[in-house]
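The structure under discussion appears below in the form of structure tokens.
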Amino acid sequence: MRVEIWSDIACPWCYIGKARFEKGLESFAHRTDVEVVHRSFELDPGHAKGEVGPVIDMLAAKLGRSRQEALAMEEQVASHARSEGLGYLVGDRDHGNSFDIHRLLHLAKARGRQGELLSILYRVNFAEERSVYDTRTLVDLAVESGLDEAEAREVLADEGAYADDVRADEREAADLGATGVPFFVLDRRYGVSGGQPAEVFTQALEQAWQGRAITPVGGDGEAGACDADGACEIPQAHTHS
């Protein structure tokens, strides 16, 4: 069974959703028969390349909120991340254009290192005081994931490298009706939206394996998502410790 996950490195609910999905997958009896493929989705494709700034300022401007309100929203998301054992620095990360990051992830996919690179990118972006929008940092992270340094540099220097692959992923997301991320597609038959609790992913995997339609889930308020405008929904309920 193949699970495709549309996400963006800038999306905190993609970071959280990845961790929850992996926990759900671990509880799935047929987990060794599941292929996971990560696909590209840009939350802010219109953001000018090279223009990097604090995420709090971006959120305040995009949502029409004060910096204090934006910080409070970040704190709420951080509590969900930390409940999953994830590191999360509130207000201390950059925001920028993620297209080059997606191109590099496609290189990693071609070399069998996509999952490793994505995990590293999430960790650095959300839990460390380093910017993933810096080319030198991206090359270092690519090497950490097992990619060849020279090849990573070559891909980042060539704006056309893997660009068609990124665009193809984004067109597929649109065709499937995805307006936000994370978005999970199981065997191109069933879809799950948002950073659902781990047990929901286990249920979805079991139903997809058995060929039954997935019952809509998420009414408990636990599933967060980021929409195509970059705004991230914050669940009102928080029951997991």
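As a basis for the values below, the full set of heavy atoms in this structure was taken, side chains included, without hydrogen atoms, waters or symmetry mates. Count residues from 1 along the sequence.
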Open item on the list: Can a donor-acceptor pair be found, under 3.5 Å and without considering hydrogens, that links the side chain of D187 to the backbone of R2?
Closed with: yes

Task: Closest non-hydrogen atom pair between L86 and A19, with its separation - done: CD1-CB, 3.9 Å

Task: Which atom of F41 lies closest to which atom of G180, heavy atoms considered - done: CZ-N, 4.2 Å

Open item on the list: Donor-acceptor pair, distance only, cut-off 3.5 Å: does the side chain of R67 make one with the backbone of I56?
Closed with: no

TODO: Could you tell me whether E154 atom CD has more than 12 heavy atoms of other residues or ligands within 6.0 Å of it?
DONE: no

Open item on the list: Keeping H47 on the side-chain end and E51 on the backbone end, is there a donor-acceptor pair under 3.5 Å?
Closed with: yes

TODO: Answer yes when R188 and E172 have at least one side-chain N-carboxylate O distance shorter than 4.0 Å, and no when they do not.
DONE: yes

Open item on the list: Applying ring-ring contact (aromatic ring centres under 6.0 Å, His included) as the test, list every pair that has at least one member in residues 105-141; sequence neighbours left out.
Closed with: Y15-Y122, Y15-F126, Y88-F126

Open item on the list: Centre-to-centre under 6.0 Å for F21 and F184, is that the case here?
Closed with: yes

Open item on the list: As an exercise, state the distance from CZ of F201 to NZ of K23, rounded to the nearest 0.5 Å.
Closed with: 12.0 Å

TODO: Measure the SG-CG distance between C14 and L43 for me, rounded to the nearest 0.5 Å.
DONE: 6.5 Å

Open item on the list: Quick check for you: to the nearest 0.5 Å, what is the distance between I16 atom CD1 and S83 atom OG?
Closed with: 7.0 Å

TODO: Please determine if R111 and E116 form a salt bridge, counting it only when a charged side-chain N lies under 4.0 Å from a carboxylate O.
DONE: no

TODO: Can you measure from CD1 (I101) to CG (L121) and round to the nearest 0.5 angstrom?
DONE: 6.0 Å

Task: Closest non-hydrogen atom pair between A108 and L117, with its separation - done: CB-CD2, 3.8 Å

- [ ] Look up atom CG in L147 and atom CZ in R153, then write down how far apart they are to the nearest 0.5 Å.
- [x] 13.0 Å

Task: Main-chain N/O of R39 paired to D169 side chain as donor or acceptor, under 3.5 Å - done: no

Open item on the list: Hydrogens and angles aside, do K18 and S119 bring a side-chain donor and acceptor to less than 3.5 Å of each other?
Closed with: yes

- [ ] Report yes or no: does D134 contribute a side-chain atom to a donor-acceptor pair with the main-chain N or O of T137 at less than 3.5 Å?
- [x] yes

- [ ] Output the rest of the hydrophobic cluster of L89: all Ile, Leu, Val, Met, Phe, Trp and Tyr residues reachable through side-chain heavy-atom contacts under 4.5 Å, sorted by chain and number.
- [x] none

Task: Closest contact, heavy atoms only, V181 versus D8 - done: CG2-N, 4.4 Å

Open item on the list: Do H95 and D57 pair up side chain to side chain, a donor and an acceptor below 3.5 Å, judged on atom types alone?
Closed with: no

Task: Salt bridge present between E42 and R167 (N-O < 4.0 angstrom) - done: yes

Open item on the list: Can you tell whether the side chains of R103 and E159 come within less than 4.0 Å, N to carboxylate O?
Closed with: no

Task: R65 (side chain) donor-acceptor with A60 (main chain) under 3.5 angstrom - done: no

TODO: Heavy atoms only: give me the nearest P12-C226 pair and the separation to one decimal.
DONE: CD-SG, 3.7 Å

- [ ] Please answer whether the main-chain N or O of G24 pairs with a side-chain N or O of T202 as donor and acceptor at a distance below 3.5 Å.
- [x] yes

Open item on the list: Side chains of H80 and W13, heavy atoms from C-beta outward: is any pair under 4.5 Å?
Closed with: yes

Open item on the list: Could you work out, with side-chain contact (heavy atoms from CB on, under 4.5 Å) as the rule, every residue matching E26, not counting sequence neighbours?
Closed with: R31

Task: Residue pair M1 / A208: nearest heavy atoms and the distance that separates them - done: SD-CB, 3.7 Å

- [ ] First locate atom NE2 of H102, then atom CD1 of I9, and finally report the distance between them rounded to the nearest 0.5 Å.
- [x] 8.0 Å

Open item on the list: Closer than 4.0 angstrom, basic N to acidic O: yes or no for E128 and R93?
Closed with: no

